[in-house]
Amino acid sequence: MTEPYANLPKEKQTIPGRYVTAKEAYEKWKAEPEKVMILDVRTPEEFLFVGHPTMAWKIPVAAQTYEWDAGKRQFPMTLIPDFVSRVNEVAKPDDAIMVMCRSGGRSALAVNLLAKAGFKRIYQIIDGMEGDAVEDPDSVFLGQRLKNGWKNSGCPWTYKLTPDRMLLPK
């Protein structure tokens, strides 16, 4: 693992060990838009209600369930089985792909699935679309995802859906 990312939480670590921030991913895309893909693996609801990078391919890796998990205090997500085949429709194993989700957990999962499928140049966007949660107990924003991330780093995003760049589960 590269030095600046040596302390990544376990859920954000990937098999390839290639990491970038949202800002770094955007800069890489901006330098070579025809050679670098931004891949957003969140749910369609997140694309619609939270926004998404304007140039991103939107290919969900997991779907929201609607059965409450009292132990985890959340609605769990389940993997979508055809994720890799949908990515294969728009990318080749040697393409440079920057993968993002909300804050880094699902994108790490997606990077690992793609690595196991033979993709070689995949990077985990560690701060995702919304970034990390504010941890300052004195902040009125405590717990809100307002640190770093695509939206908070000045990278271009929109609420306008782009169906031509969405590959949803079949």
- Message: Taking atom CD as the centre, does Glu34 end up with more than 12 heavy-atom neighbours from other residues, nucleotides or ligands that are less than 6.0 angstrom away?
- Response: yes
- Item | Check: Lys12 side chain, Ile126 main-chain N or O, donor-acceptor pair, under 3.5 Å | yes
- Query: Any idea how Tyr26 and Trp29 line up, ring-wise: parallel (<30°), tilted (30 to 60°), or perpendicular (>60°)?
  - Reply: parallel
- Message: Test your reading of the model: is there a side-chain donor-acceptor pair from Asp95 to the backbone of Lys92, 3.5 Å cut-off?
- Response: yes
- Query: Do any N or O atoms from the side chain of Lys160 and from the backbone of Thr54 form a donor-acceptor pair under 3.5 angstrom?
  - Reply: no
- Message: I'd like to know if the side chain of Gln13 reaches the main chain of Leu8, judged simply by a donor and an acceptor atom lying under 3.5 Å from each other, with no hydrogens or angles considered.
- Response: yes
- Query: Side chains of Val99 and Val61: closer than 4.5 Å at any heavy-atom pair?
  - Reply: no
- Can you name the closest pair of heavy atoms from Arg18 and Arg121 and give their distance? NH1-CA, 4.3 Å
- Query: Just by distance, do the side chain of Arg102 and the backbone of Arg42 share a donor-acceptor pair under 3.5 Å?
  - Reply: no
- Can you tell me if Lys151 uses its side chain to pair, donor with acceptor, with the backbone of Val50 under 3.5 Å? yes
- Task: Flag the pair Cys101 / Glu46 as yes when at least one side-chain heavy-atom distance between them is below 4.5 Å, and no otherwise.
- Result: no
- Item | Minimum heavy-atom distance Phe83-Ile59, with the two atoms named | CE1-O, 3.5 Å
- Message: Do Ser107 and Gln124 pair up side chain to side chain, a donor and an acceptor below 3.5 Å, judged on atom types alone?
- Response: yes
- Any donor-acceptor pair under 3.5 Å linking the side chain of Lys120 with the backbone of Gly118? yes
- Query: Distance-only, no hydrogens or angles: does the Asp127 side chain make a donor-acceptor pair with backbone N or O of Thr21 under 3.5 Å?
  - Reply: no
- For Ala22 and Cys155, which heavy atoms make the closest approach, and how far apart are they? O-SG, 4.0 Å
- Does the Trp150 side chain pair with the main chain of Pro156, one donor and one acceptor, at a distance under 3.5 Å? yes
- Is atom NZ of Lys147 surrounded by more than 12 heavy atoms (other residues, nucleotides or ligands) closer than 6.0 Å? yes
- Determine whether His52 and Leu161 make a side-chain contact, defined as any pair of heavy atoms from C-beta on separated by less than 4.5 Å. yes
- Smallest heavy-atom separation, Val20 atom then Glu24 atom, equals CA-OE1, 3.2 Å
